[in-house]
Student: 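The structure's right below; bear with me while I get my questions together.
All of these numbers come straight from a predicted model, not from anything done at the bench. Side chains are part of it too, since the values below use all heavy atoms of this structure and drop only hydrogens, waters and symmetry mates.
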Amino acid sequence: MAEKIDSLQEKLRALEIIFLQKLPAKIDEITGALQQLQADPSDREALLALHRHLHTMAGSAGTFGFFDLGAQARVFENQLQTLLNGEHWSQARLQQYADDMRLYFSTALSHAADKPASEFSDLNSDKAEDQSESRLIYLVDEDDEQNHAITAQLEHFGYEVVRIQQLKAMAVAIATRRPDVIVIELSFPEGRIAGAEEITRLKQFERFRIPTVFVSRSSSFESRLLAVRAGGKGYFTKPVDVVALTERIDALLQQDESKAYRILIMDDDAVTSEYYAAILRDAGMAVRLLSEPSQILSVMTDFRPELLLLDVYMPMCSGVELSMVIRQDNSYVDVPIVFLSSEADLGKQLEAVRAGGDDFITKPIAPEYLVSSLSTRAERYRLLRALIMRDGLTGLYNHTAIKEQLASEISQAGRNGSPLALAMIDLDYFKNVNDSYGHPAGDQVLRTLARLLRQRLRRSDIVGRYGGEEFAVIFPGTSATTARKVLDQVRLAFYKIQQHAEQGEFAVSFSAGVADLELTTDVDELFDVADAAMYLSKQNGRNRITLA
């Protein structure tokens, strides 16, 4: 934890040093544009360049702790605004303005050279320690038969399970290797509620922040209440429904995962952009920097940002114009656009919002406020997109969304010259499941397969529910042959999972077909080819995968 904070502070200090190193060149840009304007007061390009350089200085100087420099740059910027608005300056007034600016910046430059590196605040004092990606489960229970059954099922879902039979061994195990989740029996020989008491004891240590799920043969309210008071996040009675247990574990792990919102920063000031990017990345966000407005649409296609952070003033076009270009594309009408600028004029801020912006933040901004503001908007966007694009039962992409994802991935594969495979999956005899065990059991089977696909495939693989009991998986950067091998491991694991229903336990298999871009690069045709291969699997006996 301390190492992570130190790392961020080192990055920010390094960027401050870079700002100081580039400050003379930035001031030269200002005085150079000023000299051009003095030589020809009618030179509109020189006027715009001077205004843009002052605007950038007003925002970046404050960001790196040079608040007086930023404030004075804003004063000069506001004075120049009257010229942009059409006011005429006499030669004497322009000369006085130039003299004042040169005197101030020459003095500021000498003072800045003596300024020590600023102390950055601890942005992460309340942040929990990084969680391991091992998906390690500690199963603490003396019931060896039950432990074996739970372990076998959890391992099919891709978890690593360590069984601990003696309660007193748990603390040592945690100190040796920290698990993601603890599943623990409520009762032990040490006492009827010894499991809950041991968890309560461990919670006294500050580092113990491990989600805990209790299992017990008791279903009484008293036992459940004791589990809650011990900090239990779940309670299951034996024999344990492992599918339901897995759902709870998944939910707990998703709560602890860093929400890596994708943020695209568009600003021609590279050092300031890097400063804000370092802060956002440290908060767990994925950040892409862009300085060329002409590349915005292609970058958005590849990166698919969940929020854009734009400056108002840029060389090629303004941030307002750029936001209007973005909003012309129906694919991006709902992506949040936040303007981050030193522009203090309320009218211009409102103009930016009317042009398609969702918010206007004025530089300099406190890091914690920047993180909070962007996280809130990105989270809302993600939730709204989920409502539109996700299947309500499984949480996977729905029919429309998975087709859109395939179109995007095919386009990217074409640009990169990389392979791509598509698999179509269909549950075998699913109608019999609904007829024999009921629709709730059928829904459970669908959720189980969805969960298994998400867990056993790569994060870059894209999973959707195509309709009914049919699923689709996109494998970027993968040939059909490789995708088939990977998916076959999922098929074997899925068939071993025991589904629970009132009528008893049962297993379900699936059939699949796989195709890739060697056959076609058309979205609909690729779906048809993979679907045809899947039906060959059905005709040849089911519970198998066929290459197109």
Student: Any side-chain heavy atom of L154 sitting closer than 4.5 Å to one from T246?
Tutor: yes

Student: Quick one: does D241's side chain get under 4.5 Å of Q444's, heavy atoms only?
Tutor: yes

Student: For the CG atom of L374 and the CD1 atom of I263, what is their distance to the nearest 0.5 Å?
Tutor: 5.5 Å

Student: Under 4.0 Å between a side-chain nitrogen and a carboxylate oxygen: does that hold for R382 and E379?
Tutor: no

Student: Please check: side-chain N/O of D428 versus main-chain N/O of N543, any donor-acceptor pairing under 3.5 Å?
Tutor: yes

Student: Within a reach of under 6.0 Å around CD of E518, are more than 12 heavy atoms found that belong to other residues, nucleotides or ligands?
Tutor: no

Student: Is there a salt bridge (Lys or Arg N to Asp or Glu O under 4.0 Å) between D488 and K485? Walk through the geometry before answering.
Tutor: CA-CA 5 Å; D488 204 46; K485 291 178 181 177; over 6 Å; no

Student: Please report the shortest heavy-atom distance between G504 and Y437, naming the atom on each side.
Tutor: O-CE2, 4.3 Å

Student: For S537 and T546, work out which heavy atoms get closest and say how close.
Tutor: OG-OG1, 2.6 Å

Student: Could you give the distance from CG (L396) to NE2 (H399), rounded to the nearest 0.5 Å?
Tutor: 14.5 Å

Student: Check whether any side-chain heavy atom of L308 sits under 4.5 Å from a side-chain heavy atom of I296, and report yes or no.
Tutor: yes

Student: Step through the shown structure and confirm whether more than 12 heavy atoms of other residues, nucleotides or ligands are within 6.0 Å of CD on E145.
Tutor: no

Student: How far apart are the closest heavy atoms of A173 and I164, and which atoms are they?
Tutor: CB-CD1, 3.7 Å

Student: Among side-chain atoms of S373 and R377, is any donor-acceptor pair under 3.5 angstrom?
Tutor: no

Student: Between D250 and R454, does any NZ, NE, NH1 or NH2 come within less than 4.0 Å of an OD or OE carboxylate oxygen?
Tutor: no

Student: Minimum heavy-atom separation for L547 and A533, please, with both atom names.
Tutor: C-CB, 4.3 Å

Student: Any chance you could measure L226, atom CG, to S218, atom OG, to the nearest 0.5 Å?
Tutor: 9.5 Å

Student: Please name the residue in the list T400, T394, I402 that meets the side chain to side chain contact (heavy atoms under 4.5 Å, CB included) test with N398.
Tutor: T400

Student: Does atom CZ of R542 have more than 12 heavy-atom neighbours, drawn from other residues, nucleotides or ligands, at distances under 6.0 Å?
Tutor: yes

Student: Looking at Y397, I'd like to know if the NZ or CZ of R465 sits under 6.0 Å from its six-membered ring centre while staying within 45 degrees of the ring's axis.
Tutor: no

Student: Taking the six-membered ring for Trp and the single ring otherwise, decide whether the centroids of Y466 and F527 are under 6.0 Å apart.
Tutor: yes

Student: Is there a side-chain contact between D334 and L384 in this structure, where contact means two heavy atoms from C-beta onward sitting under 4.5 Å apart?
Tutor: no

Student: Does the distance from a Lys or Arg side-chain N to an Asp or Glu carboxylate O, for E185 and K238, drop under 4.0 Å?
Tutor: yes

Student: Got a second to check how far E469's CD is from F510's CZ, nearest 0.5 Å?
Tutor: 13.5 Å

Student: Any non-hydrogen side-chain atom of S223 less than 4.5 Å from a side-chain atom of F214?
Tutor: no

Student: May I ask you to say whether E409 pairs ionically with R304, meaning some side-chain N is under 4.0 Å from a carboxylate O?
Tutor: yes

Student: Between L526 and D516, which heavy-atom pair has the shortest distance, and what is it?
Tutor: CD1-O, 3.5 Å

Student: Check the pair Y159, D180 against side chain to side chain contact (heavy atoms under 4.5 Å, CB included), reporting the backbone distance first and the verdict last.
Tutor: CA-CA 10 Å; Y159 292 110; D180 292 285; over 6 Å; no

Student: Is there a donor-acceptor pair closer than 3.5 Å between any side-chain N or O of S372 and the backbone N or O of E368?
Tutor: no

Student: With a 4.5 Å cut-off on side-chain heavy atoms, are Q455 and V490 touching?
Tutor: no

Student: Please find the pair of heavy atoms, one from A483 and one from A421, that lie closest to each other, and give the distance.
Tutor: CB-CB, 3.8 Å

Student: Roughly how far, to the nearest 0.5 Å, is CG of L370 from CD1 of I279?
Tutor: 6.5 Å

Student: Salt bridge or not between D358 and R327? Use side-chain N to carboxylate O under 4.0 Å.
Tutor: yes

Student: Carefully, step by step, assess R380 and T376 under the rule side chain to side chain donor-acceptor pair (under 3.5 Å).
Tutor: CA-CA 6 Å; R380 186 179 299 119; T376 300; over 6 Å; no

Student: Given side chains that start at C-beta, do those of V181 and K233 come closer than 4.5 Å, heavy atoms only?
Tutor: no

Student: Would you check if I210 and R178 make a side-chain contact, meaning some heavy-atom pair closer than 4.5 Å?
Tutor: yes

Student: Give the C-alpha distance, both sets of side-chain angles, the deciding distance and a yes or no for side chain to side chain donor-acceptor pair (under 3.5 Å) between T478 and R458.
Tutor: CA-CA 11 Å; T478 308; R458 303 170 302 178; 2.9 Å; yes

Student: Kindly determine whether L310 and D267 satisfy side chain to side chain contact (heavy atoms under 4.5 Å, CB included), including the steps that lead there.
Tutor: CA-CA 6 Å; L310 306 181; D267 196 327; over 6 Å; no

Student: To the nearest 0.5 angstrom, please state how far the CD atom of Q405 sits from the CG atom of L422.
Tutor: 12.5 Å

